[in-house]
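Note that this is a predicted model, so its numbers are computed, not measured. The figures here come from the full heavy-atom set of this structure, side chains too, leaving out hydrogens, waters and symmetry mates.
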Amino acid sequence: MRPRIPRQPVRDHAFRAMEDDAGLSAELAAAVGGARRRAVRDGDRQIDTAHLLHSLLESDPEVCAVLGGGPRLARLFGYLVQRSIGYGLRWQGGVEDSGALPVVAPAEGFSPLASAALWHARARAAGRPGPGAPGAGRPPAAGGVARGVDLLAAILADPQARAVEVLGRAGIDPLEVCARIDGGLDECDGDGAVAGDAP
């Protein structure tokens, strides 16, 4: 019999939201807020990477662009909305944590894996040209604010992430997405389209 996992608070308090959103772009902060509300609405114990992926797709055109768009994106949305009535039921009562990403102090209300992905998204942004470097045991001071594709890349780094499982169900190869992120992150225009794509 599995030990009972205490429900972690997933409240949208203004102070906690400001703390969670530090170092994030406006679009990514909106996506994190959407994931928080989705977890509350669905009665889930924690915000996990599938919640984050769903909100990124709804709020960040750049993420949609690197995922390829078209029928694959529609299929991905279809799997995500089935969470509460299908495959996601087996996630209830469990914790999303594989240990593939380095351990960081968990953010309140987030799964360990989702919390680590947010930290590493900030670290990825800090690696771009600009002042600031990661501090010991705390989020790095960003050379630039973290964007949705930074979070997506951090999520894809862990094959045990629930978001990666959903991508696989939709027929989307995480390695292909990573290559698009690495090759096109600095080539996206303001509408999220990759430079060179047909209008």
Look only at the side chain of Asp150 and the backbone of Arg147, and say whether a donor-acceptor pair between them is shorter than 3.5 Å. yes

d(Cys178 SG, Leu152 CG) to nearest 0.5 Å is 7.5 Å

Looking at side-chain heavy atoms only, is the closest gap between Leu57 and Cys64 below 4.5 Å? yes

Separation between CD of Glu58 and CG of Leu53, rounded to the nearest 0.5 Å: 10.0 Å

Heavy atoms, side chains only, cut-off 4.5 Å: are Arg180 and Leu67 in contact? no

Over all atoms of both residues, closest heavy-atom pair of Ile155 and Ala163: CG2-CB, 3.7 Å

Could you give the distance from CZ (Arg36) to CG (Leu52), rounded to the nearest 0.5 Å? 9.5 Å

What's the spacing between Arg38 CZ and Ile47 CD1 if we round to 0.5 Å? 11.5 Å

Just wondering, do Asp158 and Thr49 contact through their side chains at under 4.5 Å, heavy atoms? no

Nearest heavy-atom approach of Val81 to His54 is CG1-CE1, 3.9 Å

Less than 4.5 Å apart, any side-chain heavy atom of Arg122 and any of Leu118? yes

Excluding sequence neighbours, so at least two apart, what forms side chain to side chain donor-acceptor pair (under 3.5 Å) with Arg75? none

Any sub-3.5 Å donor-acceptor pair from His51's side-chain atoms to Asp48's backbone N or O? yes

Nearest 0.5 Å, what's the CG-CG distance between Leu28 and Leu151? 5.5 Å

What's the shortest heavy-atom distance between Gly34 and Ser55, and which atoms? C-OG, 3.2 Å

Ala31 versus Ser59, closest heavy-atom pair with distance: CB-OG, 3.4 Å

Can you measure from CG (Asp60) to CD (Glu27) and round to the nearest 0.5 angstrom? 6.5 Å

The complete set of salt bridge (Lys or Arg N to Asp or Glu O under 4.0 Å) pairs with one or both residues in residues 110-120, sequence neighbours excluded, reads none

Exam field: side chain Ser25 to backbone Val145, donor-acceptor pair closer than 3.5 Å: no

With Ala153 via side chain to side chain contact (heavy atoms under 4.5 Å, CB included) - residues at least two apart: Arg124, Ile181

Short N-O contact, Arg169 and Glu165, less than 4.0 angstrom: yes

Is there a side-chain contact between Arg45 and Ser111, using heavy atoms and a 4.5 Å cut-off? no

Shortest non-hydrogen contact from Gln46 to Pro112? OE1-CD, 4.0 Å

Of the non-hydrogen atoms in Ala146 and Ala121, which two are nearest, and what is the gap between them? CB-O, 3.6 Å

